[in-house]
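Report on the structure given below.
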Amino acid sequence: MVAKKILLLDGNSLAYRAFFALPLLTNEHGVHTNAVYGFTMMLQRILEEEKPTHMVVAFDAGKTTFRHETFSEYKGGRQKTPPELSEQFPYLRKLIDAYRIKRYELPNYEADDIIGTLSLEAEQAGDEVIVISGDKDLTQLASPSTTVYITRKGITDIEKYTVGHIQEKYGLSPEQIIDLKGLMGDASDNIPGVPGVGEKTALKLLTAHGSVEGVYEAIDQQKGKLKEKLVENEELALISKKLATIERNAPIEIKIDELTYSGPDQDELIQVWNELAFKSLLEKMDYTAEETEKEELVFEVLQETDPAIFEDEMAIHLEMYDEQYHTCDLLGVSLATASKTYVIPMDVVKGSEAFKSWLMDETKKKYMSDSKAATAAFYRCGLEVAGVDFDLMLGAYIVNPSLTYTDLANIVQEYGYTDVSQNEQIYGKGAKKSVPDDGILHEHIARKGRTIWAVRPTVLKKLEENEQFELYYNLELPLATVLGTMESFGVQVDKEQLVAMGKELGEKLAEIEKNIHSLAGEKFNINSPKQLGVVLFENLGLPVLKKTKTGYSTAADVLEKLEGQHEIISQILMYRQLGKILSTYIEGLLKEIHEDGKVHTRFQQALTTTGRLSSINPNLQNIPVRVEEGRKIRKAFVPSEPEWLMVAADYSQIELRVLADMSKDESLIDAFKHDLDIHTKTASDVFHVPLEEVTSDMRRAAKAVNFGIVYGISDYGLSQSLNITRKAAAEFIDNYLKSFPGVKNYMDGSIQTAKQNGFVTTLMKRRRYLPDINSSNFNLRSFAERTAMNTPIQGSAADIIKKAMIDMADALEQENMQTRMLLQVHDELIFEAPPEELEKLKTLVPQIMENAVQLNVPLKVDFAFGDTWYDTK
DNA sequence: CCAATCACG
DNA sequence: ACGTACGTGATTGGA
């Protein structure tokens, strides 16, 4: 039997110490983290140095304790816990849980008493004990087998109080610490002691007489003022001693044997640290993760492919050099079954007929991760993938869309699997990035295939528990193939058109720049908000309406309010607008054109928290449309075949229709059933005027309210968007919710659901967890509440268009059409089509999209076409 | 590498 | 009272 080493931590005291020792840090949500951070640093160090076998963190429970019965002013006059600290306690508890350390608190007792009781129990059993606190009171617990660690100055700096050390420092035994407090008192706990007796006098008295009682027995040996004070305050001294005495027989319900410590839950810890934004700790963790031993994996590198190795169900992984799977180097393939793992080098893959026919055989089930990437990359080698039956990345994303899914190692870590390295560890990063020797590379690839096979059952189990098979097998998995095809097709871009526009814009910008510089009376970088701020608000003396964290805000909404005040403002706004078009949409887009004259975006399918797609390299979901100058960029997006047309079909008000369906609001449903202009209808209801009397301003206001509703309304947000007072905005909202009681009901219900379940769901049972919904932090809680209202709406709309895309791809194939789906922009689909298919598309596309799902309101799709994307209006 | 800005739904 | 609209990506300047 290994000797026990028991660590008893005073949670409250350590949190206080850390809080006051460190500057206020905050994470990205504005939650303070300094106390938790300090506590963590201390804990890390202690764990490493002491390697305890048993641990507990004791906390004070509630405000009053048995000590208040003795002395009602106990701990009186103490500053209330600062809110910046109290908001950290929930995180502290989470952290401790992640370490898998027991927490304990006991009504009516303080942490001291829990520690005192446990240390006595341990002592009697002959175990080694370390007590850790920021409070010197605890030193009274020191004994031959118990050392008390008291933090000093910072939080990781520790003073170790053994019996000997106390003797040396004070000339007292540990028990006499209580007497010391009895005489001198303790200001922080409002323990009075004997007025006029400080540490010096108390120590002298105790060295002579041993204890408080001893002092009074020999009271006649004192004289003068001191004697007077002692006599006068005898009762106070005894009460003080009692207060300072740690209870060592508290009625605790735990036993030391229940406090075993066997290391943290790494995944949980990573999650908590992430939440708290403890970056340095996370990096350190990566470093240590590298050193953890992986279980040995036996695999076979194939120089030729015997058809016999291909089975009906296999995990398959295609290793790529980076995320840009449309162009990057392909490094090899691994295959895994229950008993076998193979690695096939890329040149062997390319030359293997057996592999090719297995890959395209739909009856052979493939288990992959990021099947879209692999499908698109194989496509480049002339290889077609069929029969994808599992996609690890997508599965994990459905289980929890709030996590990031970039590296396979990180994905499977969520499921407790650590036998695969992170790409960065294999390839390095930055300038040092390179492909390692075959030995290392092959093992890495092999482990990925093995990992997919190994983790699949766990992911599937989760999906089944959450009733997400439908979402998984019938939506995301088939969508991956559809998206991969769209990306591989690409979109034709008219390079000359862009270059010509760029030239024109560049000249115009140079002119505006000159203009701005002369208006400012000096040359400066207009693109630098810092320099611009100095020019506008210091040199020109314009009023500062808004500030950012780092200085003056020069954002467009601020500048617009200053437009009348100086000629330079409108020039700057113009410069910004055109500069954006040039840098992002002309120069940026030109850089993304591939050799085939097309751009091949990547739709990220496992990224957003709501279920939407995102688009990168280039982003084709934010091509300008709202202002004409930018919209002209769309003239450069053209069909890839001569004479073909661009086609656009967008859902009209899909989010509000989803809201109507989910809220069952009669008025809203009725409006859509009659196909009313929803903003006019809203204005009519909110302003209590007939439809025909709604003015354009009223409609504009109503439109903003409708947006607000979808986003999870707040009066402040609405007031910003409409440029009105908060009060007026609040009134609008109030009127809206009275007019649409079903919506109010839905919003409340959504928050309730989140509070009860910890998550909200969409039409197709997509989940989003909202851990902050019950937070005591107003900001966090409010954000979670708005998210609870918004995610089901935005997410359900995303579900619907995804379903429409799958149906659309099926229909185009079924009907043997040449038309190609190119892009999805959240509520619209873009196609290129031969002119002879146009008539058919006019009915087919809206029909498919409008019937992707059945709601209790109709879905409506607007259809448009033209020679370029610009002309689809 | 982050903050600010601005493009989209 | 708190301070915020929901979801994205690319570019720029400046530590």
Side-chain angles (χ1 to χ4, degrees), chain A residues 28-30 83 87 277 279 401 430 524-533 546-559 572-573 575-589 591-592 601-604 607-627 629-631 633-634 650-651 653-655 704-722 726 729 733 768 775-795 797-798 801 823-828:
Chain A
E28 72 266 37
H29 301 298
E87 75 188 20
K279 299 216 174 98
F524 68 101
N525 188 341
I526 307 168
N527 281 322
S528 160
K530 197 177 168 189
Q531 294 180 33
L532 181 62
K546 199 167 116 189
K547 290 193 139 195
T548 65
K549 267 187 274 189
T550 50
Y552 311 112
S553 169
T554 67
D557 62 323
V558 177
L559 297 188
I572 292 167
L573 286 167
Y575 182 88
R576 283 250 181 93
Q577 197 181 92
L578 301 181
K580 176 85 175 178
I581 295 169
L582 184 61
S583 67
T584 305
Y585 297 106
I586 294 182
E587 291 165 354
L589 206 55
K591 280 184 216 142
E592 296 285 353
T601 190
R602 272 144 47 224
F603 289 106
Q604 306 233 86
L607 184 138
T608 74
T609 46
T610 55
R612 273 188 175 185
L613 301 175
S614 95
S615 157
I616 56 171
N617 292 127
N619 181 353
L620 295 181
Q621 291 182 318
N622 72 345
I623 302 300
V625 67
R626 291 172 193 169
V627 293
E629 288 94 325
R631 190 174 199 155
I633 294 290
R634 296 183 173 219
D650 69 286
Y651 281 110
Q653 303 296 351
I654 187 167
E655 291 187 335
V705 175
N706 278 330
F707 268 102
I709 290 295
V710 169
Y711 292 158
I713 196 97
S714 84
D715 51 9
Y716 183 85
L718 183 63
S719 75
Q720 288 298 297
S721 108
L722 278 176
R726 245 173 81 167
I733 295 167
R768 178 168 180 186
S775 168
S776 57
N777 180 289
F778 177 86
N779 279 336
L780 287 180
R781 191 179 61 248
S782 302
F783 184 59
E785 285 172 0
R786 291 197 296 276
T787 312
M789 300 188 261
N790 170 265
T791 293
I793 300 173
Q794 193 183 111
I801 194 164
L823 296 174
Q824 185 248 50
V825 191
H826 309 308
D827 65 354
E828 64 178 323

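Any value given below was found using the heavy atoms of this structure, including those in side chains, with hydrogens, waters and symmetry copies removed. First the proteins, then the strands, lettered A, B, ... as listed; each starts at 1.
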Does OP1 or OP2 of [N] have a side-chain N or O of [X] closer than 4.0 Å?
X        : N     : answer
A:Thr550 : B:dA4 : yes
A:Thr548 : B:dA4 : yes
A:Gln604 : C:dG9 : yes
A:Arg626 : B:dG9 : yes
A:Arg576 : B:dC6 : yes
A:Thr554 : B:dT5 : yes
A:Ser614 : C:dG9 : yes

- Item | DNA chain C base-pair string [pairs: Watson-Crick or G-U under 3.5 Å; |: paired with another strand] | .....|||||||||.
What is the nucleic acid contact for [X], judged by heavy atoms within less than 4.0 Å: base, sugar-phosphate only, or nothing?
X        : answer
A:Asn622 : base
A:Ala729 : nothing
A:Leu718 : base
A:Leu607 : sugar-phosphate
A:Arg768 : sugar-phosphate
A:Val825 : sugar-phosphate
A:Ser721 : base
A:Ala556 : sugar-phosphate

Please list, chain by chain and in numerical order, all residues satisfying side-chain hydrogen bond (donor to acceptor under 3.5 Å, both in side chains) with [X], sequence neighbours excluded.
X        : answer
A:Ser782 : none
A:Thr550 : A:Thr548
A:Tyr651 : none

Nearest whole Å is fine: how far is [N] [atom2] from [X] [atom1]?
X        : N      : atom1 : atom2 : answer
A:Asp557 : B:dT5  : CG    : C1'   : 11 Å
A:Ile586 : C:dA10 : CD1   : C1'   : 15 Å
A:Arg612 : B:dC8  : CZ    : P     : 14 Å
A:Leu823 : B:dG9  : CG    : P     : 13 Å
A:Asn777 : C:dA1  : CG    : P     : 18 Å
A:Phe778 : C:dC2  : CZ    : C1'   : 5 Å
A:Lys547 : B:dA4  : NZ    : C1'   : 16 Å
A:Arg781 : C:dG3  : CZ    : P     : 13 Å

Ignoring hydrogens and angles, answer whether the base of [N] and the side-chain atoms of [X] contain a donor-acceptor pair closer than 3.5 Å.
X        : N     : answer
A:Arg602 : C:dG9 : no
A:Gln794 : C:dC6 : yes
A:Arg786 : C:dT4 : yes

- Query: Does any non-hydrogen side-chain atom of A:Leu620 lie less than 4.5 Å from one of A:Val825?
  - Reply: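 Contact flag for A:Val825/A:Leu620 side chains = no.
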- Task: Take A:Leu532 and A:Ile572 through the side chain to side chain contact (heavy atoms under 4.5 Å, CB included) test and state the conclusion after the steps.
- Result: CA-CA 9 Å; A:Leu532 181 62; A:Ile572 292 167; 3.5 Å; yes
- Can you tell me, in whole Å, how much space there is between the P of C:dC2 and that of B:dA7?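 The same atom, P, in both gives a distance of 32 Å.
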- Message: Say we look at C:dA5 and B:dC6: how far apart would their P atoms be, to the nearest angstrom?
- Response: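 These two P atoms come out 15 Å apart once rounded.
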- Message: Please determine whether the number of non-hydrogen atoms from other residues, nucleotides or ligands lying under 6.0 Å from atom CZ of A:Phe707 exceeds 12.
- Response: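 Not buried by this count: 12 neighbours or fewer within 6.0 Å.
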Distances for protein N or O near nucleotides 11-15 of chain C N or O, under 3.5 Å:
residue	atom	partner	partner atom	Å
C:dG13	OP1	A:Asn525	ND2	2.9
C:dG13	O3'	A:Ser528	OG	3.3
C:dG14	OP1	A:Ser528	OG	2.6
C:dG14	OP1	A:Gln531	NE2	3.1
C:dA15	OP1	A:Lys530	NZ	3.1

For the backbone of [Y] and the side chain of [X], can you confirm whether one donor and one acceptor N or O come within less than 3.5 Å of each other?
X        : Y        : answer
A:Tyr575 : A:Asn527 : no
A:Arg634 : A:Ile623 : yes
A:Asn790 : A:Val710 : yes
A:Gln531 : A:Ile526 : no
A:Ser615 : A:Phe603 : no

- What residues, two or more places apart in sequence or in another chain, satisfy salt bridge (charged side-chain N to carboxylate O under 4.0 Å, His left out) together with A:Asp715?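 Checked A:Asp715 against salt bridge (charged side-chain N to carboxylate O under 4.0 Å, His left out); matches are A:Arg726.
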